[in-house]
Amino acid sequence: MASPRTITIVALSFALGLFFVFMGTIKLTPRLSKDAYNEMKRAYKSYAKALPALKKMGITSVLLRKIIGTLEVGCGVVLTLVPGKPKDVANFLLLLVMLAVLFFHQLVGDPLKRYAHALVFGILLTCRLLIARQSEDRPEREERREEQINAQEKNK
């Protein structure tokens with residue numbers, strides 16, 4: 001039987017992965033929702049206007065939206081389908097994206113209801129990463145503790 005930690009990581013990975021595939025797809029194409037796609041286009045135009053440094057670097061609102069959408073889709077697929085360490089890398093990249101999105105929303109002065117989803121999913125990504133890292137560290141600590149106890153018993 002799988003441990004509760006494993007079940008939690010798998011469930012969070014799958015749910016978060018699907019969410020980010022969905023949200024990234026909305027940023028990239030109007031096929032899922034034309035209204036949501038148009039809203040994303042409008043929002044990213046305001047982000048690009050608020051950060052003139054992006055324009056100096058040659059990053060337009062369209063490019064910014066496509067970069068973030070592609071990152072979300074790619075990392076979402078990894079979180080959903082790929083086992084092992086790549087999930088943690090995808091999780092970390094998505095966490096950085098969520099921090100950037102929160103920064104953009106704050107920069108343009110959006111109300112909380114416009115970016116609450118980014119806040120919630122950033123917290124979920126943080127929880128998933130902490131749980132995944134904790135489950136990896138625990139067996140190593142237990143092995144070291146057992147080795148220390150065995151060494152102490154031999155010295156007695």
- Task: For L102 and Y115, run side chain to side chain contact (heavy atoms under 4.5 Å, CB included): C-alpha distance rounded to whole Å, both residues' side-chain angles, the deciding distance at 0.1 Å, then the answer.
- Result: CA-CA 7 Å; L102 288 170; Y115 62 89; 3.6 Å; yes

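- Just one residue in the list V21, T80, L94, L124 forms a side chain to side chain contact (heavy atoms under 4.5 Å, CB included) with L16, and that residue is L124.
- The shortest non-hydrogen separation linking S13 to R128 is OG-NE, 2.7 Å.
- There is no path of hydrophobic side-chain contacts, each under 4.5 Å, that joins V82 to F14.
- Within the 4.5 Å cutoff, the side chain of V108 has no heavy atoms near those of the F104 side chain.
- Criterion: ILVMFWY side-chain heavy atoms under 4.5 Å apart, direct or through other members. Under it, I68 and M57 are part of a common hydrophobic cluster.
- Counting all heavy atoms, side chain and backbone alike, H105 lies closest to R114 at CE1-O, 3.6 Å.
- With sequence neighbours left out, K49 forms a side chain to side chain contact (heavy atoms under 4.5 Å, CB included) with no residue at all.
- The two residues P52 and A50 make their nearest non-hydrogen contact at CD-O, 3.3 Å.
- To the nearest 0.5 Å, atom CG of residue L96 and atom CG of residue L71 are 9.5 Å apart.
- Taking CG of L95 as the reference point, atom SG of C75 lies at 11.0 Å (rounded to 0.5 Å).
- Using modelled atom types, one side-chain atom of N38 and one backbone atom of K34 make a donor-acceptor pair closer than 3.5 Å.
- Annotation for F22: atom CZ does not count as buried by contact number, only 12 or fewer foreign heavy atoms lying within 6.0 Å.
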- Task: Assess whether side chain to side chain contact (heavy atoms under 4.5 Å, CB included) is satisfied between I9 and K87, documenting all intermediate values.
- Result: CA-CA 10 Å; I9 292 170; K87 282 186 190 239; 5.7 Å; no

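- Expressed to the nearest 0.5 Å, how far CE of M23 lies from CG of L28 amounts to 11.0 Å.
- A continuous path of hydrophobic side-chain contacts links F103 to I59 [ILVMFWY only; heavy atoms under 4.5 Å].
- Here the closest non-hydrogen pair linking L79 and G17 is CB-CA, 3.8 Å.
- Taking CZ from F19 and CG from L125, the interatomic distance works out to 9.0 Å, rounded to the nearest 0.5 Å.
- Note: L129 CG to F92 CZ = 8.0 Å, rounded to the nearest 0.5 Å.
- Residues I123 and V120 do not share a hydrophobic cluster, defined by chaining ILVMFWY side chains whose heavy atoms lie under 4.5 Å apart.
- Side-chain atoms of F121 and V101, non-hydrogen and from C-beta on, never get closer than 4.5 Å to each other.
- Under the rule for a salt bridge (charged side-chain N to carboxylate O under 4.0 Å, His left out), R31 has no partner lying at least two apart in sequence or in another chain.
- Heavy-atom minimum distance, P86 versus V78: O-CG1, 3.5 Å.
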- Query: For M98 and H117, what are the C-alpha separation, side-chain angles and deciding distance, and is it a side chain to side chain contact (heavy atoms under 4.5 Å, CB included)?
  - Reply: CA-CA 10 Å; M98 288 298 97; H117 71 283; 5.8 Å; no

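- Side-chain heavy atoms closer than 4.5 Å link hydrophobic residues (I, L, V, M, F, W, Y) into clusters, and following such links, possibly through other members, connects L32 to M40.
- Smallest separation of non-hydrogen atoms from I26 and A36: CG2-CB, 3.7 Å.
- Among residue pairs with one or both ends in residues 27-46, those qualifying as ring pair (Phe, Tyr, Trp, His ring centres under 6.0 Å) are Y44-Y47; sequence neighbours excluded.
- Here CG of D88 is found 11.0 Å from CG of L93. Values are rounded to the nearest 0.5 Å.
- Using modelled atom types, one side-chain atom of T126 and one backbone atom of G122 make a donor-acceptor pair closer than 3.5 Å.
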